[in-house]
There are 2 protein chains.
Amino acid sequence: MNRPPTIKDVAERAGVHAATASRALNPATRGMVNARTASRVAEAARALGYAPNSAARSLRTRTSSVAGVIIPDLRNPVFPPIVRGIEDGLRDAGYMALVGNTDGDPDRERELVTAMRGRQIDGFILATSRRSDELTSSVPTVLVNRRTDNGGIPSVTADNAAGIHLLVRHLTDLGHTRIGHVAGPRDLSTGWERYRGYLDATTSLGLEAATDAVEFAGAFTETAGHAATLRLLAAHPSLTAVLAGNDLIALGCYSALAELGRTVPGDVSVTGFNDMPFVDRQRPSLTTVRIPHYDIGREAARLLLERIASPTAPAKRVVLPVELVRRDSTAAAQS
Amino acid sequence: MNRPPTIKDVAERAGVHAATASRALNPATRGMVNARTASRVAEAARALGYAPNSAARSLRTRTSSVAGVIIPDLRNPVFPPIVRGIEDGLRDAGYMALVGNTDGDPDRERELVTAMRGRQIDGFILATSRRSDELTSSVPTVLVNRRTDNGGIPSVTADNAAGIHLLVRHLTDLGHTRIGHVAGPRDLSTGWERYRGYLDATTSLGLEAATDAVEFAGAFTETAGHAATLRLLAAHPSLTAVLAGNDLIALGCYSALAELGRTVPGDVSVTGFNDMPFVDRQRPSLTTVRIPHYDIGREAARLLLERIASPTAPAKRVVLPVELVRRDSTAAAQS
């Protein structure tokens with residue numbers, strides 16, 4: 001056949017009226033059709049390669065069964081498993097993901113949001129938000145791996161504070177008392193929550209002078225981590241441990257310490273955050289906190305689907321647990 | 001305003017007729033409108049947050065400015081930079097990417113194709129095809145990092161044969177003559193082309209008994225590489241070098257050789273393919289071939305857009321160059 005099959009072709013093959021075939025193929029109305037009929041229609045649709053015209057349905061219902069997923073950069077190893085979890089979570093409900101990258105550029109983000117709204121997407125999952133963002137989209141939105149200070153938008157994040165507590169406790173158990181922090185950007189919730197966690201943990205454990213042994217990296221990257229570590233060690237040469245804002249920053253710590261002729265973990269212990277792929281294979285392998293990337297993505301998809309079903313439900317904040325992963329980048333403090 | 005802005009609101013704010021505003025905002029008809037008027041309309045649309053209803057346009061024109069991108073698994077480190085390149089390439093032309101993962105399951109792939117076609121996508125970029133696939137989609141399609149034997153579909157791949165030649169030449173320069181191959185799956189063009197490249201290179205360099213020093217891994221994964229390396233070394237214990245089908249398989253070679261008590265590169269040299277992130281940090285750092293992942297993605301987007309513009313144009317096959325990256329996993333053969 002030269003033209004794509006229509007609902008009439010499907011109905012004819014299944015021996016039912018077109019309206020029945022249409023009801024049988026729409027998940028929302030399938031229950032109105034006898035189960036055997038529905039399965040005969042589904043079989044006919046499969047045999048003919050019939051694809052329901054979602055654009056037409058989209059106009060009628062103003063929904064598209066597509067969610068927009070906006071992330072900073074898919075090449076940051078944190079995001080592929082999150083996006084994969086989102087895709088799997090959406091698929092279970094017949095939804096698909098339009099994916100866009102912003103490189104952290106707010107203009108590019110606005111452009112993407114407009115372009116996606118123009119395609120009638122049913123909701124957004126954003127991994128790009130800043131703490132201060134005032135998100136007031138009329139479209140259902142969920143934040144993933146990020147949240148805003150005002151908390152008005154549902155979010156799924158890892159337990160950043162608990163993760164930092166686990167790391168600081170691990171370091172103090174090893175005898176470290178002079179622990180510095182190369183923090184992530186202050187305007188991102190991940191950077192901010194881990195920084196706050198560092199202050200809380202060092203204070204509650206009675207470590208001195210922690211407040212000023214902090215440098216903020218300009219970004220969650222190896223390069224920014226390298227530069228911030230050099231600044232931190234110049235100001236605090238006697239630190240025996242550095243808590244990095246994430247794994248990429250920790251890799252920057254490695255290279256900065258090598259440049260300064262300090263060994264890891266002999267002279268300085270280093271910790272990361274995320275347990276991204278292959279940090280178990282770094283030299284030395286990296287002590288870090290494992291966050292459940294894939295589950296965070298799936299949970300975000302679930303929250304978004306809930307939100308689409310009832311847009312006025314309270315904005316939940318889901319925080320998933322993390323775990324300490326001890327490896328070779330931490331060792332007993334030199335006395 | 002409680003309702004989303006319409007084209008009439010934009011027209012009113014810009015002081016033009018609705019038809020003029022509509023023409024000014026449609027890239028296909030913008031040229032019919034005075035440039036100053038067009039920019040005034042664009043300004044009004046931006047100010048109001050107007051999003052053109054692509055679903056309506058989609059029904060009228062039967063295009064959506066969306067491409068379906070189907071890959072095996074975003075968590076395989078090869079794919080994020082390719083997908084990022086595709087997204088950037090599409091975006092330049094006002095297109096977006098719907099992304100789906102198949103885990104190599106043909107049923108899941110068919111499901112995704114049907115679901116995407118139902119959303120009126122304008123074309124497909126597939127990284128999932130088998131060599132034997134008879135793709136006869138009525139929708140414009142481009143293969144990325146894969147091709148089919150019959151060559152009827154445009155494709156963008158790295159120069160696999162040249163990459164293998166570079167690696168074999170590098171190993172023979174180091175004095176290796178007993179070089180085995182842990183190949184990728186035969187039914188994927190990447191696995192097959194590299195295997196053929198290995199046979200060609202070893203034959204043309206006059207190495208003996210190469211044909212049977214091959215084991216095929218069941219998948220491009222570390223686990224499958226580990227198992228296949230154990231089989232290869234059991235059958236050919238005197239090999240001094242192993243050419244792996246890709247970097248993940250090479251990591252499997254590392255662990256299998258460690259299990260056998262053989263050192264890399266002291267006893268056996270190992271090479272990879274792809275130069276995926278962080279293989280420079282493995283122990284030992286991996287000698288491999290760098291393929292331009294991002295450029296492959298961008299080029300695939302370009303080919304798809306060409307194909308959408310003229311669906312009957314000849315099916316181009318674009319092969320991008322690769323380069324040898326020498327690191328610590330290869331060393332002079334023991335005599």
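Every chain is numbered from 1 and lettered A, B, ... according to where its sequence line falls, protein lines coming before strand lines.
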Closest non-hydrogen atom pair between A:Phe278 and B:Met276, with its separation: CZ-CE, 3.2 Å
Side chain / backbone / both / neither for A:Leu251 at chain B, heavy atoms under 4.5 Å: both
Sidechain N-carboxylate O distance under 4.0 Å for B:Asp88, A:Arg108: yes
Any donor-acceptor pair under 3.5 Å from A:Arg119 side chain to B:Ser65 backbone: yes
side-chain hydrogen bond (donor to acceptor under 3.5 Å, both in side chains) involving A:Asp73 - partner list, sequence neighbours excluded: A:Arg75, B:Arg84
When B:Val69, B:Leu112, B:Val83 are compared by non-hydrogen pairs under 4.5 Å with chain A, the top option: B:Leu112
Residue among A:Asn101, A:Asn76, A:Leu90 with most heavy-atom pairs under 4.5 Å to chain B: A:Asn101
Contacting moiety of B:Arg110, where chain A heavy atoms sit under 4.5 Å: neither
Check against side-chain contact (heavy atoms from CB on, under 4.5 Å), A:Val99 and B:Met96: CA-CA 8 Å; A:Val99 179; B:Met96 314 198 86; over 6 Å; no
Which atoms of A:Tyr294 approach chain B - backbone, side chain, both or neither, heavy atom under 4.5 Å: side chain
Which atoms of A:Gln282 approach chain B - backbone, side chain, both or neither, heavy atom under 4.5 Å: both
Stepwise side-chain contact (heavy atoms from CB on, under 4.5 Å) check, B:Arg281 with A:Arg281: CA-CA 7 Å; B:Arg281 304 268 200 146; A:Arg281 305 267 199 146; over 6 Å; no
Atom pair CD/CG of B:Glu87 and A:Leu74 - distance to nearest 0.5 Å: 8.5 Å
